[in-house]
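Report on one structure; see the data block that follows.
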Amino acid sequence: NNTPLGRAKAIHNYAVLGSRRYEHMRRVNKNQWPGARTVRRWLEPINADPGILKDMIKILKGQGQFMADKDKFCNLVVDEMAINPRCDFDVCSECFTGCPSISPTIAVLEQRQKKNQPLVMLANHVMSVMVAGLGWRYKIIVGYYLTDQSFDGELFSKEIIKIIQDLFESGFRVKNLSMDMGPCNIATLKALGVNRSEE
């Protein structure tokens with residue numbers, strides 16, 4: 001059906017099953033679900049550019065109206081994964097994509113300059129920022145950033161603060177920040193005023 005809940009269920013099934021299996025599920029259920037093309041059209045207005053995903057935070061805020069206050073305590077999880085460096089042309093935004101959305105450290109830029117290398121390289125990592133519930137289990141990506149071999153921890157710490165503020169305004173309370181102890185993440189934590197203890 002075309003209610004908000006019906007749309008949410010269709011989008012969830014499409015995301016879990018993928019296009020081909022979703023269409024098979026539709027056939028088995030005698031086309032009681034909207035078509036894959038319709039689901040993709042519903043998703044088109046959602047802005048998925050690198051940075052803070054404001055639309056996802058709005059969705060979370062809407063869901064939060066039906067949640068108990070204790071279920072809005074959450075953990076902010078930052079994780080990075082390698083991707084293939086590639087430059088693509090996005091027809092919708094009419095822009096080239098694939099460059100880092102957070103600049104490398106000054107040390108890396110100076111090193112490239114000395115070696116006469118290009119200062120801007122294609123991104124080879126993506127860093128996701130996810131909200132995970134502490135009492136009630138839920139996970140939702142609220143931001144992602146493209147990086148190359150390093151990123152500026154001070155710049156990234158400002159993004160983390162903005163995300164925490166946006167979540168706070170949406171009724172969610174970030175109690176923990178989780179990330180591995182890579183050098184750029186340590187720089188981010190340092191910029192946030194977190195002291196590392198050896199104990």
Looking only at atom types and distance, does a side-chain atom of [X] sit under 3.5 Å from a main-chain N or O of [Y], one as donor and one as acceptor?
| X | Y | result |
| --- | --- | --- |
| Glu23 | Ala36 | yes |
| Asn29 | Met25 | yes |
| Arg26 | Gln32 | no |
| Lys139 | Met130 | no |
| Ser170 | Asp166 | yes |
| Tyr145 | His125 | no |

Before you tell me yes or no, could you show the steps for Asp148 and Arg112 under salt bridge (Lys or Arg N to Asp or Glu O under 4.0 Å), namely the whole-Å CA-CA distance, both residues' side-chain angles and the distance that decides it to 0.1 Å?
CA-CA 13 Å; Asp148 61 15; Arg112 287 176 184 170; 2.9 Å; yes

When you look at [atom1] of [X], are more than 12 heavy atoms from neighbouring residues, nucleotides or ligands closer to it than 6.0 Å?
| X | atom1 | answer |
| --- | --- | --- |
| Glu154 | CD | no |
| Asp88 | CG | yes |
| Arg40 | CZ | yes |
| Tyr138 | OH | yes |

Could you tell me if the side chain of [Y] sits less than 4.5 Å from the side chain of [X], heavy atoms only?
| X | Y | value |
| --- | --- | --- |
| Phe151 | Ser101 | no |
| Asn176 | Leu76 | no |
| Val129 | Val77 | no |
| Leu53 | Ile140 | no |
| Tyr22 | Asn13 | yes |
| Val174 | Phe168 | no |
| Asn75 | Lys175 | no |
| Thr147 | Phe156 | no |

Members besides Leu122 in its Ile/Leu/Val/Met/Phe/Trp/Tyr cluster (side-chain heavy atoms under 4.5 Å):
none

How close do Gln149 and Asn124 get, counting heavy atoms only, and between which atoms?
N-OD1, 3.8 Å

Could you give me the CA-CA distance, side-chain angles and deciding distance for Leu192 and Leu177, then say whether side chain to side chain contact (heavy atoms under 4.5 Å, CB included) is met?
CA-CA 11 Å; Leu192 288 168; Leu177 174 62; 3.7 Å; yes

Going through the distances and angles, do Leu167 and Leu60 end up as a side chain to side chain contact (heavy atoms under 4.5 Å, CB included)?
CA-CA 9 Å; Leu167 289 168; Leu60 195 59; 3.7 Å; yes

Go through the steps to decide whether Asn185 and Asp180 satisfy the test side chain to side chain donor-acceptor pair (under 3.5 Å), and finish with yes or no.
CA-CA 7 Å; Asn185 286 344; Asp180 64 33; 2.7 Å; yes

Check step by step if side chain to side chain donor-acceptor pair (under 3.5 Å) holds for Ser128 and Asp79.
CA-CA 5 Å; Ser128 66; Asp79 199 12; 5.7 Å; no

Any salt bridge between Lys158 and Asp152, counting N to O under 4.0 Å?
no

Audit row: Lys9, Trp33, side chain to side chain contact (heavy atoms under 4.5 Å, CB included) steps and yes/no:
CA-CA 9 Å; Lys9 284 181 179 175; Trp33 292 90; 3.9 Å; yes

